[in-house]
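Here the structure is laid out as structure tokens; the discussion comes afterwards.
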There are 2 protein chains.
Amino acid sequence: MSHDEVKPAIKSNRLGEYLNSVRRGLDLSLRDVEEATKKEVSNAYLSQLENGKIEKPSPHILHSLSIALNVKYEDLMERAGYLKPSSERASDSKHGRAATFAIENLTVEEEEALLKHLAYIRWQTSK
Amino acid sequence: MSHDEVKPAIKSNRLGEYLNSVRRGLDLSLRDVEEATKKEVSNAYLSQLENGKIEKPSPHILHSLSIALNVKYEDLMERAGYLKPSSERASDSKHGRAATFAIENLTVEEEEALLKHLAYIRWQTSK
DNA sequence: CGGCGTTGCTAAATTGATCAAGCGCGCACC
DNA sequence: GGTGCGCGCTTGATCAATTTAGCAACGCCG
């Protein structure tokens with residue numbers, strides 16, 4: 001059998017529990033936090049958030065909360081599933097996927113050519 | 001000098017221009033990118049994104065695009081205004097090539113021009 | 001007991017992201 | 001001149017995020 005985790009109807013919500021525990025730790029009411037975010041997050045929404053009723057809260061919201069609750073923004077982002085636990089940016093450019101390569105992925109000759117062209121562009125625009 | 005910047009009605013959208021220039025640089029159509037994301041992002045939506053019609057694209061979308069276009073997820077997040085540019089840029093010294101530095105330090109217009117030129121170079125050498 | 005403020009919650013309404021479908025254009029080929 | 005095709009773009013509908021309004025339970029003090 002594969003690892004079909006039984007997806008609970010309600011989320012595996014680390015985020016909600018976390019928010020709730022922080023808020024209680026600071027001994028604030030839902031409305032207190034709403035105030036603390038200068039109304040950027042409503043108490044009603046925070047309630048839903050803590051109870052895992054929300055799938056993808058917008059980063060904007062998380063940012064407000066991080067300030068109001070004095071926790072790290074990246075921490076919330078991570079718990080919301082938007083960031084990997086501060087992992088490395090794999091220099092995966094290795095596997096030479098034909099279809100896609102960006103400007104960071106150049107052969108020596110290409111790089112030389114581009115640098116020349118860049119010099120040309122800059123010279124031209126500076127005239 | 002501390003005039004408040006007049007916020008243009010339309011976005012200060014670096015993200016859109018950036019996505020557009022990268023896509024063109026790779027010489028892909030909107031629909032090509034839609035394919036590349038395995039339909040996770042529609043061509044219609046990508047169009048709106050590039051033209052700055054979207055305020056808060058979901059990180060999920062940005063993630064798909066970052067993979068399809070082979071750019072860094074955090075980069076897109078930052079351009080979308082979700083991350084502070086604070087994230088230290090340290091990692092990019094990976095290539096250990098001096099030239100890469102110069103090339104990774106570009107204005108949007110320069111980048112676009114270079115990507116075009118790169119496409120041209122690659123097309124030419126592949127004949 | 002009877003009001004009164006507070007708290008957590010939720011139903012309904014609004015707003016915005018996202019997509020499927022389609023439009024008009026330019027370009028090749030007949 | 002068609003006509004077919006791929007392109008970027010717009011539009012209309014849909015669905016989830018977020019808010020507004022309100023309810024029910026609690027403590028508290030007269």
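Note: hydrogens, waters and symmetry copies are ignored here, and every other heavy atom, side chains too, is used. Residue numbers start from 1 in every chain, and the chains themselves are labelled A, B, ... in the order their sequence lines are given, proteins ahead of strands.
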Taking only the side-chain heavy atoms of [X] (C-beta and beyond), determine which of [options] contains the nearest atom.
{"X": "Ser58(B)", "options": "dA17(C), dG22(D), dC9(D)", "value": "dA17(C)"}
{"X": "Leu30(A)", "options": "dT10(C), dA17(C), dG8(C)", "value": "dG8(C)"}
{"X": "Gln48(B)", "options": "dA21(D), dA17(D), dC19(C)", "value": "dC19(C)"}
{"X": "Asn51(B)", "options": "dC19(C), dT10(D), dG8(C)", "value": "dT10(D)"}

[Y] side chain reached by [X] side chain, heavy atoms, under 4.5 Å:
{"X": "Arg23(A)", "Y": "Asn20(A)", "value": "yes"}
{"X": "Val41(A)", "Y": "Val33(A)", "value": "no"}
{"X": "Leu65(A)", "Y": "Val22(A)", "value": "no"}

Task: Short side-chain to backbone donor-acceptor contact, Tyr82(A) and Ser58(A), under 3.5 Å - done: no
Open item on the list: On DNA chain D, compare the nucleotides closest to Ala44(B) and Pro59(A); which residue's is nearer the 5' end?
Closed with: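 First, find each residue's nearest nucleotide; the 5'-ward one identifies Ala44(B).
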Measure from [atom1] on [X] to [atom2] on [N] and round the result to the nearest Å.
{"X": "Leu28(B)", "N": "dG6(D)", "atom1": "CG", "atom2": "C1'", "answer": "14 Å"}
{"X": "Leu46(A)", "N": "dT6(C)", "atom1": "CG", "atom2": "P", "answer": "18 Å"}
{"X": "Lys53(B)", "N": "dC9(D)", "atom1": "NZ", "atom2": "C1'", "answer": "8 Å"}
{"X": "Glu34(B)", "N": "dG8(D)", "atom1": "CD", "atom2": "P", "answer": "11 Å"}
{"X": "Leu49(B)", "N": "dC19(C)", "atom1": "CG", "atom2": "P", "answer": "10 Å"}
{"X": "Ile61(B)", "N": "dA16(D)", "atom1": "CD1", "atom2": "P", "answer": "14 Å"}
{"X": "Lys39(A)", "N": "dT19(D)", "atom1": "NZ", "atom2": "P", "answer": "11 Å"}
{"X": "Glu50(A)", "N": "dG8(C)", "atom1": "CD", "atom2": "P", "answer": "8 Å"}

- [ ] Report yes if a donor N or O on one partner sits less than 3.5 Å from an acceptor N or O on the other, where the partners are the side chain of Arg31(B) and the base of dG6(D); otherwise report no.
- [x] no
Open item on the list: Under 4.5 Å between side-chain heavy atoms, counting indirect links through other Ile/Leu/Val/Met/Phe/Trp/Tyr residues: same cluster for Ile67(A) and Leu76(A) or not?
Closed with: no
Open item on the list: Using a 4.0 Å heavy-atom cut-off, does Glu40(A) contact any base of the nucleic acid, only the sugar-phosphate backbone, or nothing at all?
Closed with: sugar-phosphate
Task: dT7(C) OP1/OP2 closer than 4.0 Å to side-chain N/O of Ser29(A) - done: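 Result: yes.
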Open item on the list: Heavy-atom nearest nucleotide on DNA chain C for Lys56(A) versus Asp32(A): which residue maps closer to 5'?
Closed with: Asp32(A)
